[in-house]
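Proteins come first, then strands; the chains are lettered A, B, ... in the order of their sequence lines, and each starts at number 1. Values below: every heavy atom of this structure, side chains too, minus hydrogens, waters and symmetry copies.
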There are 2 protein chains.
Amino acid sequence: MGHSQADKREGHDRIVRIAAKRFREDGLDRLSIADLMNEAGLTHGGFYKHFDSRNDLVLQALRVALHESSTPDAGRSRKAKGTVPTLQSVVKGYLSKSHRDSPGAGCAVGALISDIGRAGSDAKDLYTKRVQQNLDSVAALIGDPDDSADRAKAIVVLSALAGAIGLARAVSDDRLSNDILCTVRDFLTASFGDKSVSRF
Amino acid sequence: MGHSQADKREGHDRIVRIAAKRFREDGLDRLSIADLMNEAGLTHGGFYKHFDSRNDLVLQALRVALHESSTPDAGRSRKAKGTVPTLQSVVKGYLSKSHRDSPGAGCAVGALISDIGRAGSDAKDLYTKRVQQNLDSVAALIGDPDDSADRAKAIVVLSALAGAIGLARAVSDDRLSNDILCTVRDFLTASFGDKSVSRF
DNA sequence: TGTACATCAGTGAACGCGCGTTCACTGATGTAC
DNA sequence: TGTACATCAGTGAACGCGCGTTCACTGATGTAC
């Protein structure tokens with residue numbers, strides 16, 4: 001338990017990273033400061049040496065969660081992360097069982113979709129920027145990010161991805177959950193996967 | 001403030017309906033029993049004459065929320081509700097601004113998608129049944145609910161609807177929010193709207 | 001139809017608990033000389 | 001290089017508050033005679 005400046009930065013980062021994970025798993029409301037600090041190996045009193053308030057933490061952790069899960073990477077396997085992403089590889093990773101079962105390490109746009117609708121405007125703004133960036137990335141994978149038809153396709157892809165991962169996580173029937181993952185994955189790769197053969 | 005059996009039933013229904021609305025607006029965690037009873041015109045102590053516990057309320061209200069928002073109707077305008085639903089009319093209602101802006105009166109599958117993933121198995125089971133029913137309804141609108149290709153299309157439609165309404169609510173940029181609504185609406189009606197010209 | 005009585009929906013004070021936040025304190029860190 | 005001192009990350013008790021839940025009580029309802 002050091003007291004140096006480097007120790008503080010390290011502790012701060014650890015707290016934020018844990019929160020970024022827990023928020024994606026449990027939503028923005030359920031994580032208590034005592035639990036968080038305990039998980040970080042600290043006591044709850046020190047929290048305010050790092051953050052102005054709980055809401056300050058939410059914003060910082062949300063920023064980190066959104067950052068470490070930029071869509072083209074979220075859910076992709078470690079192996080796939082070294083390679084050049086394609087729409088196929090992104091969709092395959094996003095709608096994988098491992099991504100479904102590890103929301104804390106996955107895409108915050110998908111994991112927090114209902115929560116952000118009820119959150120403050122600062123959180124919504126952060127989220128919105130990430131969605132815009134994701135639309136750009138996906139549009140670039142499909143074709144030309146400046147082409148409005150490709151942007152439209154990207155909107156459809158993002159909506160289908162977010163809806164499918166959410167439904168797959170919500171549903172208690174394993175067969176149905178897997179079915180949602182596979183069906184939407186196959187549909188998106190078939191419809192948008194190949195730049196030259198897009199049917200939309 | 002009557003004390004008759006009819007009064008009790010009426011009060012019970014009122015409490016559950018208010019909860020069903022508030023849960024869709026604010027999620028399953030934020031509604032307090034005191035607030036709920038107050039909104040129903042009662043005092044908090046009487047709550048346990050109606051429910052075993054808060055979780056009992058959650059389950060009853062979830063059941064009602066899921067029931068009064070079976071997908072083919074959720075979000076459809078009052079005018080449209082009298083007519084025979086088509087995929088077009090359902091999609092149009094679901095991805096309308098009025099549905100986006102009134103989650104408390106809309107589809108619980110969309111409004112609670114993140115929340116149910118973190119809820120208990122009873123809640124997940126109720127939700128899952130509704131999703132299955134919605135898949136059947138949508139598959140019937142597209143073609144044959146027993147045909148696996150039409151079922152696959154229904155899965156895509158439901159995922160896109162849930163993702164689009166969630167994103168449209170989460171995003172703070174009005175232009176983007178409207179764009180998501182319109183783009184996904186146009187895509188779904190163009191791709192699945194006409195039974196004879198489906199391209200998937 | 002009228003009376004006596006059991007039931008029970010609704011009331012509001014009270015409970016223990018966990019929450020976010022504050023604060024006086026400790027002791028390692030980093031700096032000035 | 002060694003010493004004195006200011007800083008400040010981390011500690012843990014304490015705060016007020018709102019939560020879900022319990023309970024003794026009230027008085028209208030519904031029933032038995």
Exercise. Whole angstrom is fine here: how far is it from CE in A:M37 over to P in D:dG10?
Key: 7 Å

Exercise. Report the distance from atom CD of A:E10 to atom C1' of C:dT29, rounded to the nearest whole Å.
Key: 15 Å

Quiz item: What residue among A:D52, A:L36, A:L62 forms side-chain contact (heavy atoms from CB on, under 4.5 Å) with A:L57?
Solution: A:L36

Self-check item: Separation of atom NE2 in B:H12 from atom P in C:dC8, rounded to whole Å
Solution: 16 Å

Quiz prompt | Listed nucleotide nearest any side-chain atom of B:Y48, set D:dT21, D:dT11, C:dT11 | solution = D:dT21

Quiz item: Using a cut-off of 4.0 Å on non-hydrogen atoms, how would the nucleic acid contact of B:H50 be classed: base, sugar-phosphate, or nothing?
Solution: sugar-phosphate

Quiz item: Is it true that B:R118 and A:D115 make a salt bridge, defined as a side-chain N closer than 4.0 Å to a carboxylate O?
Solution: yes

Self-check item: Carboxylate-amine/guanidinium contact B:D173 A:K124, below 4.0 Å
Solution: no

Self-check item: salt_bridge(B:R63, B:E68) N-O dist < 4.0 Å
Solution: no

Quiz item: In residues 16-34 of chain B, which residues come under 4.0 Å of DNA chain C by heavy atom?
Solution: none

Exercise. Indicate yes or no: does B:R22 engage B:E39 in a salt bridge with an N to O separation below 4.0 Å.
Key: yes

Practice problem: Show your reasoning for whether side-chain contact (heavy atoms from CB on, under 4.5 Å) applies to A:L167 and B:Y127. | Solution: CA-CA 10 Å; A:L167 287 175; B:Y127 187 92; 3.7 Å; yes

Exercise. Return the stems involving DNA chain C, sorted by first number, where pairs are Watson-Crick (N1-N3 with N6-O4 or O6-N4) or G-U wobble (N1-O2 and O6-N3), both under 3.5 Å, and runs are 3 or more long.
Key: C:2-33 with D:2-33

Self-check item: Atom-pair distance (CG on A:D7; P on C:dT29), nearest Å
Solution: 8 Å

Exercise. Answer yes or no: are there more than 12 heavy-atom neighbours, outside B:K129 itself, under 6.0 Å from its atom NZ?
Key: no

Self-check item: Contact check, side chains of A:D13 and A:V16, non-hydrogen atoms, under 4.5 Å
Solution: no

Quiz item: Below 3.5 Å, does any donor atom in the side chain of B:H44 face an acceptor in the base of C:dA13, or the other way round?
Solution: yes

Quiz item: With a 3.5 Å cut-off and no angle check, do the side chains of A:S121 and B:S172 form a donor-acceptor pair?
Solution: no

Quiz item: Expressed in angstrom and rounded to an integer, what is the separation of B:F47 atom CZ from D:dC23 atom C1'?
Solution: 17 Å

Self-check item: Whole-Å gap separating P (D:dA9) and CD1 (A:I15)
Solution: 11 Å

Quiz item: Considering only heavy atoms from C-beta outward, does the side chain of A:F51 approach that of A:H12 to under 4.5 Å?
Solution: yes

Quiz item: Start at the 5' end of DNA chain C and walk down; is the nucleotide closest to A:D35 or to A:K49 reached first?
Solution: A:D35

Self-check item: Neighbours of DNA chain C within residues 52-59 of chain A, by heavy-atom distance under 4.0 Å
Solution: A:S53, A:R54

Exercise. Would you indicate, yes or no, if D:dA9 has its OP1 or OP2 atom less than 4.0 angstrom from a side-chain nitrogen or oxygen of A:K8?
Key: yes

Quiz item: Nearest-Å distance, CG (B:N38) to P (C:dG12)?
Solution: 11 Å

Quiz prompt | Intermediate values then yes/no, side-chain contact (heavy atoms from CB on, under 4.5 Å), A:N38 and A:H44 | solution = CA-CA 7 Å; A:N38 184 52; A:H44 65 276; over 6 Å; no

Quiz item: Are B:R169 and B:D101 close enough for a salt bridge, meaning some N to O gap below 4.0 Å?
Solution: no

